[in-house]
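Here the structure is laid out as structure tokens; the discussion comes afterwards.
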Amino acid sequence: MKPPYTSRQGQFLAFIHHYANLHGRSPAEAEMVQFFQVTPPTVHQMILTLERRGLITRAPGQARSIKTTLPPEKLPPLPGASTGTPLPVRQTEGQQPTDTEAAVLRLGKIQIKDLFTHYDRNSLDDSEFIPLLDTLIESFARAGLSALAVKELRRQACEFYHQCCQEAEPESTMESNMELMFSYLPGPRRKLWLRWT
């Protein structure tokens, strides 16, 4: 039986579903723009089309209110995925990530980059920012992203933090910056980062 959506519409539906599962809220249109690398009007038109076709619902005037109307098993995998599973079983060393996991990992990298951009623009205190960063990455781990993919997200976060520290203090080293970063995490969380970076 043919699905009630086009291939492109299915990609947006899958993204909305996976994003909501990861974060407990719907994505903003700007996040869809970044993920699909299209223009804001393209995303907005897609949302209107999906709503008109009854594939999503939205609350007028309420941000992040998009909900898919189809059950998860009727949704396609994320763009390019070969299976319909929501997220793959955790992979081990040497295994290649599935297309679905690669798409979710890409979403994580986009969100980490955005968080650092916000951090840079708003001069957040590190004692507030680092736990927020940890919570974001942990949401991907809880959603089933493999240990290797979570490690990659943590590594990227460490590299961004090191870059930020070097802009403020050019002579700082990666080691000293990681020590500073981890000092803002409680003991058990700090050990987890040390283990995965």
Side-chain angles (χ1 to χ4, degrees), residues 1-90 97-122 124 129 131-146 149-150 152-153 156-157:
M1 178 180 209
K2 185 179 173 190
Y5 48 78
T6 67
S7 173
R8 188 68 169 159
Q9 290 167 354
Q11 292 176 355
F12 276 81
L13 290 168
F15 177 81
I16 292 164
H17 170 73
H18 282 289
Y19 187 99
N21 279 346
L22 278 169
H23 301 293
R25 63 176 203 248
S26 301
E29 287 187 16
E31 290 162 326
M32 289 184 253
V33 166
Q34 283 186 303
F35 185 81
F36 290 105
Q37 299 176 355
V38 295
T39 64
T42 300
V43 168
H44 188 68
Q45 276 306 117
M46 178 60 75
I47 297 302
L48 294 176
T49 299
L50 293 173
E51 186 176 36
R52 191 171 46 253
R53 295 192 71 195
L55 299 169
I56 62 167
T57 60
R58 297 185 303 158
Q62 184 179 342
R64 297 183 181 270
S65 63
I66 300 169
K67 290 185 180 19
T68 59
T69 59
L70 297 171
E73 60 273 5
K74 298 261 185 190
L75 297 175
L78 275 176
S82 56
T83 66
T85 56
L87 272 178
V89 174
R90 292 183 177 268
T98 65
D99 289 344
T100 299
E101 182 165 73
V104 174
L105 177 61
R106 189 168 144 245
L107 172 62
K109 288 180 176 183
I110 289 169
Q111 291 187 332
I112 288 170
K113 184 179 179 186
D114 285 349
L115 191 59
F116 271 94
T117 300
H118 179 77
Y119 166 72
D120 192 41
R121 283 189 197 139
N122 296 293
L124 294 175
F129 175 72
L132 181 62
L133 178 64
D134 178 54
T135 300
L136 172 65
I137 293 172
E138 190 57 27
S139 72
F140 283 89
R142 280 192 312 275
L145 198 60
S146 74
V150 171
E152 191 172 335
L153 290 178
Q156 180 185 11

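Predicted, not measured: the structure shown is a model, and the values here were computed from it. Just so you know, these numbers use all the heavy atoms, side chains as well, and skip hydrogens, waters and symmetry mates.
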Taking all non-hydrogen atoms of both residues into account, name the closest pair between [X] and [Y] and its distance.
X: Ser65; Y: Ala59; value: OG-N, 2.9 Å
X: Pro40; Y: Val33; value: CA-CG2, 3.6 Å
X: Ile56; Y: Glu51; value: CG1-N, 3.5 Å
X: Ala14; Y: Pro76; value: CB-O, 3.3 Å
X: Ala157; Y: Ile137; value: CB-CD1, 3.9 Å
X: Tyr5; Y: Leu13; value: CD2-CD1, 3.7 Å

Spatial distance of atom [atom1] ([X]) from atom [atom2] ([Y]) [nearest 0.5 Å]:
X: Lys109; Y: Leu105; atom1: NZ; atom2: CG; value: 5.0 Å
X: Ile110; Y: Leu115; atom1: CD1; atom2: CG; value: 13.5 Å
X: Thr6; Y: Leu55; atom1: OG1; atom2: CG; value: 9.0 Å
X: Arg25; Y: Ile66; atom1: CZ; atom2: CD1; value: 12.5 Å
X: His44; Y: Ile47; atom1: NE2; atom2: CD1; value: 9.0 Å
X: Thr42; Y: Met32; atom1: OG1; atom2: CE; value: 12.5 Å

Problem set entry | Arg142 side chain to Ser139 side chain, donor-acceptor N/O pair below 3.5 angstrom |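 The criterion, which ignores hydrogens and geometry beyond distance, is not satisfied for Ser139 and Arg142.
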Exercise. Is there a donor in the side chain of Glu101 and an acceptor in the side chain of Ser146, or the other way round, less than 3.5 Å apart?
Worked result: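 There is such a pair (donor and acceptor under 3.5 Å, judged by atom type) between the side chains of Glu101 and Ser146.
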For this session: Verify whether the ring centers belonging to Tyr19 and Phe35 lie closer than 6.0 Å.
Result: no
Exercise. Do the two ring centres, one from His17 and one from Phe12, sit under 6.0 Å apart?
Worked result: no
Exercise. Relative to the ring of Phe36, is the ring of Phe15 parallel (under 30°), tilted (30 to 60°) or perpendicular (over 60°)?
Worked result: perpendicular
Taking the side chain as every heavy atom from C-beta outward, state whether [X] and [Y] have any pair of such atoms under 4.5 Å apart.
X: Leu153; Y: Leu145; answer: yes
X: Leu107; Y: His18; answer: no
X: Asn21; Y: Pro72; answer: no
X: Arg58; Y: Leu48; answer: yes
X: Leu136; Y: His23; answer: yes

Exercise. Under the 3.5 angstrom rule, does the side chain of Arg8 hit a backbone N or O of Met46 as a donor-acceptor pair?
Worked result: no
